[in-house]
Novice: 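Here it is, the structure in full.
Order of the sequence lines fixes the chain letters, A, B, ..., with proteins taken first and strands second; residue numbering starts at 1 for each chain. Predicted, not measured: the structure shown is a model, and the values here were computed from it.
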Protein chains: 2
Amino acid sequence: MTNHDLETPTLMGSKERLVAAALSLFQAKGYHGVAISDILEAADLPKGSLYHHFPGGKEELAIAAVGFIADEVDARLASEFAKNKRAGAVLLELAHECVSWLQRSDYTQTPLLGLLAASPGESALTQAICDAQKRWLARFETALGGTEAAHDKACLALASLEGGISLARMSRSSDLLIRSVTLAALHINQR
Amino acid sequence: MTNHDLETPTLMGSKERLVAAALSLFQAKGYHGVAISDILEAADLPKGSLYHHFPGGKEELAIAAVGFIADEVDARLASEFAKNKRAGAVLLELAHECVSWLQRSDYTQTPLLGLLAASPGESALTQAICDAQKRWLARFETALGGTEAAHDKACLALASLEGGISLARMSRSSDLLIRSVTLAALHINQR
DNA sequence: GAGAAACTAGACCGGCTGGTCTAGAGCGGT
DNA sequence: ACCGCTCTAGACCAGCCGGTCTAGTTTCTC
């Protein structure tokens, strides 16, 4: 997932390479923690390319990165739910994917959007993040039946995931993530 | 909680004022999103004061801010648990406090430490955040009996709280936080 | 193969960053 | 009155920031 492999850059257009590099860096250091020059270096492209593909600069690129992962996770959820899996099982699967993500990056990256939240107040970037969360939430909600209780459970699913990621990243151990998500999945599957 | 009221600065020493201003700003924009000049302006102090009290500069100040809120929440948890309240009830109470916090700041602030996570890799700041999380986790764990299952539940408690805060902040509605924490509390109180 | 369009390349800029440093204000002790 | 200590005050700096712009190269189209 998401591994549009930065090591073989020629396989990706420069626009995609920019988005991939930006996403990876933003997930590691947050919006303000990443300099444009960092992204350019990671994508091995000059400044001109960035402002050609993303005239809106850093923020537009960040929005594209958020949209990219939003789509990716959303599609993944859709395909899992299409197999009639129980919501708890899908949540656990996603969590395990996040774990391998964390481990692969030596706990520097935050798999979903947690870190991006450090965004400029009322901006379009905030909106993009919000949209992504809404879509993921909706996937769980409808899979759980669309009732009021389903909404509650969907909230718990996402919250335990995002929160667990944050705990795991700080303690450099996927343990805490697995524990909290497992428990949440258990509860969600009930009834 | 934490309201060492920036509006009446003369009641606080300048060191405390710096910590309070820094905490509030970091919670709103993350470590990298805040400039030293912002903090000084909020605390109404010149640069000299900062580097007198915190020779280590921005990072040392951030660590102090993290320590401050870590202590505050920890003490709060200790006093609540001392009344023999059930863990779920304490969690809910904390969540409601976070809600009023979010609302008071018009959803700009992140009550706990979620945003600070966007910190420089292997630094002392990361360590401070990690310590805070460990302490809070331990409070819940021992209150829940110290068993293996208690550890799991403690993880869920904190994860649902941090994750719920993130969801709520983005959607500008405390609803999602309340829902996820309520469900988590329910589960935690079982048995 | 001519010409337009898409893209790369990187020098350049003003503003802001975190941090240093010197000067002095305020105050307690003697 | 004097001194020494704590703290305030803010000018100053080198380096980095995001962003602009012009010049070149490649690629597509006819």
Side-chain angles (χ1 to χ4, degrees), chain A residues 6 8-26 28-66 116 118-126 128, chain B residues 6 8-26 28-66 116 118-126 128:
Chain A
L6 285 173
T8 52
T10 45
L11 297 183
M12 285 161 64
S14 46
K15 192 169 181 177
E16 288 75 20
R17 230 158 68 230
L18 281 169
V19 170
L23 178 60
S24 160
L25 284 166
F26 285 143
K29 310 202 221 174
Y31 182 76
H32 297 291
V34 177
I36 294 229
S37 60
D38 297 338
I39 300 171
L40 263 16
E41 191 179 342
D44 193 33
L45 282 170
K47 230 166 207 189
S49 301
L50 200 172
Y51 286 91
H52 172 77
H53 294 293
F54 301 96
K58 193 182 184 184
E59 188 174 5
E60 188 181 343
L61 176 54
I63 291 172
V66 168
L116 267 294
S119 59
E122 212 31 75
S123 64
L125 175 53
T126 310
Chain B
L6 285 174
T8 53
T10 45
L11 296 184
M12 285 163 64
S14 45
K15 192 168 181 180
E16 287 76 20
R17 230 156 71 228
L18 280 169
V19 170
L23 178 60
S24 160
L25 284 166
F26 285 143
K29 311 203 220 175
Y31 182 76
H32 296 291
V34 177
I36 294 224
S37 61
D38 297 338
I39 299 171
L40 293 174
E41 193 178 342
D44 193 33
L45 281 171
K47 227 166 210 191
S49 301
L50 200 173
Y51 285 91
H52 172 76
H53 293 293
F54 301 97
K58 193 182 185 184
E59 187 174 6
E60 188 183 342
L61 176 54
I63 291 173
V66 168
L116 267 294
S119 59
E122 211 31 74
S123 65
L125 176 52
T126 310

Novice: Which heavy atom of M12(B) sits nearest to which heavy atom of A20(B), and what is that distance?
Specialist: CE-CB, 3.9 Å

Novice: Could you tell me how far apart L25(A) (CG) and dG18(D) (P) are, to the nearest whole angstrom?
Specialist: 12 Å

Novice: Just so I know, are the side chains of L40(B) and S37(B) near enough to count as touching, which here means a heavy-atom distance under 4.5 Å?
Specialist: no

Novice: Atom CG of D38(B) and atom C1' of dG19(C): how far apart are they, to the nearest Å?
Specialist: 16 Å

Novice: From L116(A) CG over to L23(A) CG, what is the distance, rounded to the nearest 0.5 angstrom?
Specialist: 7.5 Å

Novice: If I take atom CD1 in residue I36(A) and atom P in nucleotide dG19(D), what distance separates them, rounded to the nearest angstrom?
Specialist: 5 Å

Novice: Please report the distance, rounded to the nearest Å, between CD in E60(B) and C1' in dG18(C).
Specialist: 14 Å

Novice: Could K58(A) and Y31(A) be counted as a cation-pi pair, given that NZ or CZ must be under 6.0 Å from the ring centre and within 45° of the axis?
Specialist: yes

Novice: Using whole Å, report how far OH of Y31(B) lies from P of dT17(C).
Specialist: 14 Å

Novice: Can you sort out the partners of F54(A) under side chain to side chain contact (heavy atoms under 4.5 Å, CB included), two or more places apart, ordered by chain and number?
Specialist: K15(A), L18(A), V19(A), L50(A), E60(A), L61(A), A64(A)

Novice: For nucleotides 4-16 of chain C, give me one character per nucleotide, 5' to 3': B if any protein heavy atom sits under 4.0 Å from the base, S if the only such contacts are to the sugar-phosphate, - if neither.
Specialist: --SBBBBB-----

Novice: I need the CZ-C1' distance between F54(B) and dT20(C), as an integer number of Å.
Specialist: 18 Å

Novice: Within this structure, what is the CG-NE2 distance for the pair L45(A) and H53(A), rounded to the nearest 0.5 Å?
Specialist: 7.5 Å

Novice: Just how far, in rounded Å, is P of dT22(C) from OH of Y51(B)?
Specialist: 16 Å

Novice: If I take atom CZ in residue R17(B) and atom C1' in nucleotide dT8(D), what distance separates them, rounded to the nearest angstrom?
Specialist: 11 Å

